[in-house]
Amino acid sequence: MLITHDTRCALDTVVDLVNTMPEDESAPDGLPDVAALQEFVTTHDISEVGVLTDLDLSAVRGIRGRFAAVFAASDALTAAGLINDLVAAAGTTPRLTDHDGYDWHIHYFAPGASVADHLAADCGMALAFFVVAGEQERLRRCEAPDCRRAFVDLSRNRSRRYCDSRTCGNRLHVAAYRARRKEAAG
Ligand SMILES: [Zn+2]
Ligand SMILES: [Zn+2]
């Protein structure tokens with residue numbers, strides 16, 4: 001499956017967005033205030049975003065939960081329904097652009113869209129292409145019991161089970177090491 005640069009950016013953005021969600025009610029929110037949302041927008045180079053408000057913050061937190069559901073979807077039908085709802089609610093105006101020195105790519109968000117609608121449209125379409133390619137199962141949640149972070153498995157054989165956070169990456173190596181030792185000992 002061909003993943004273009006802008007799709008890759010949208011994927012990184014949506015994964016990072018979902019992973020700002022608190023694990024449970026006692027955990028801190030990764031997007032606690034408008035300043036944090038502003039930082040998220042700047043870090044992810046999200047274009048055409050105006051002055052952010054509390055309304056933007058609550059709207060972004062709202063779509064964040066819906067994106068999380070896409071990563072938790074067990075099949076393409078479920079994912080497709082969720083993505084359709086997200087993209088339809090955002091409204092889209094596909095258009096070619098080469099802004100800021102990037103190669104030609106398509107923006108799906110409507111001109112003047114709120115940041116939440118922008119993310120719902122463009123990240124929603126990035127995820128839609130995975131469903132189209134029959135690759136919905138690459139949209140995963142980490143299988144470590146105390147992690148559950150979202151990630152996109154871009155490995156050739158779709159074999160990644162853990163996110164690339166340091167703990168989970170190590171956990172994977174340790175588990176593989178133990179398995180090898182056990183095999184050698186047995
Ligand atoms: Zn762009
Ligand atoms: Zn993890």
Side-chain angles (χ1 to χ4, degrees), residues 2-24 26-30 37-50 52 56 60 63-65 67-74 86-87 90-130 137-155 158-179:
L2 175 74
I3 297 176
T4 58
H5 174 73
D6 49 304
T7 302
R8 187 65 202 261
C9 292
L11 290 175
D12 288 345
T13 301
V14 69
V15 164
D16 289 349
L17 177 66
V18 168
N19 289 334
T20 64
M21 255 177 106
E23 292 279 309
D24 54 58
S26 59
D29 195 304
L37 178 59
Q38 181 61 62
E39 199 183 314
F40 184 90
V41 165
T42 307
T43 306
H44 294 87
D45 205 10
I46 301 167
S47 60
E48 295 180 44
V49 175
L52 298 170
D56 290 308
V60 169
I63 59 153
R64 178 178 70 173
F67 275 124
V70 176
F71 281 83
S74 54
L86 265 165
V87 171
T92 51
T93 312
R95 63 197 184 284
L96 284 155
T97 170
D98 62 349
H99 69 95
D100 296 322
Y102 292 109
D103 284 340
W104 287 106
H105 60 287
I106 299 174
H107 279 178
Y108 294 94
F109 64 93
S114 71
V115 64
D117 284 347
H118 179 141
L119 291 170
D122 282 57
C123 296
M125 288 304 298
L127 299 184
F129 293 130
F130 277 78
E137 64 176 275
R138 289 186 183 274
L139 311 174
R140 301 242 173 102
R141 304 209 72 137
C142 180
E143 286 180 23
D146 50 349
C147 177
R148 309 297 294 151
R149 284 165 63 91
F151 69 95
V152 179
D153 179 3
L154 295 177
S155 69
R158 312 182 196 180
S159 58
R160 263 185 71 190
R161 296 170 53 209
Y162 301 99
C163 74
D164 54 11
S165 80
R166 235 156 108 219
T167 0
C168 298
N170 282 343
R171 191 194 320 256
L172 182 64
H173 294 309
V174 169
Y177 174 73
R178 289 211 181 110

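This is a predicted model, so every value here is computed, not measured. Both ligands and their constituent atoms are indexed starting at 1 by order of listing.
- Take the N/O/S atoms of His99: the one nearest the Zn ion (ligand 1) is NE2.
- The NE2 atom of His107, the Zn ion (ligand 1) and the NE2 atom of His105 define an angle of 100° (nearest 10 degrees).
- Expressed to the nearest 10°, the angle at the Zn ion (ligand 2) joining SG in Cys163 with SG in Cys142 is 120°.
- Applying the 6.0 Å contact sphere to CZ of Arg8 captures no more than 12 heavy atoms from other residues, nucleotides or ligands.
- The number of heavy atoms from other shown groups lying within 6.0 Å of CD (Glu39) does not exceed 12.
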Donor-acceptor pairs under 3.5 Å, side chain of residues 113-125 to any protein atom, not counting sequence neighbours: which ones?
| residue | atom | partner | partner atom | Å |
| --- | --- | --- | --- | --- |
| Ser114 | OG | Asp117 | N | 3.2 |
| His118 | ND1 | Ser47 | O | 3.4 |
| Asp122 | OD1 | Tyr108 | N | 3.2 |
| Asp122 | OD1 | Phe109 | N | 2.8 |
| Asp122 | OD2 | Tyr108 | N | 3.2 |

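- Vertex the Zn ion (ligand 2); arms to Cys168 SG and Cys147 SG; angle rounded to 10 degrees, 110°.
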Margin query: Under the criterion side chain to side chain contact (heavy atoms under 4.5 Å, CB included), I'd like the reasoning laid out for Asp103 against Asp98: C-alpha separation, chi angles, the key distance, then a yes or no.
Written below: CA-CA 5 Å; Asp103 284 340; Asp98 62 349; over 6 Å; no
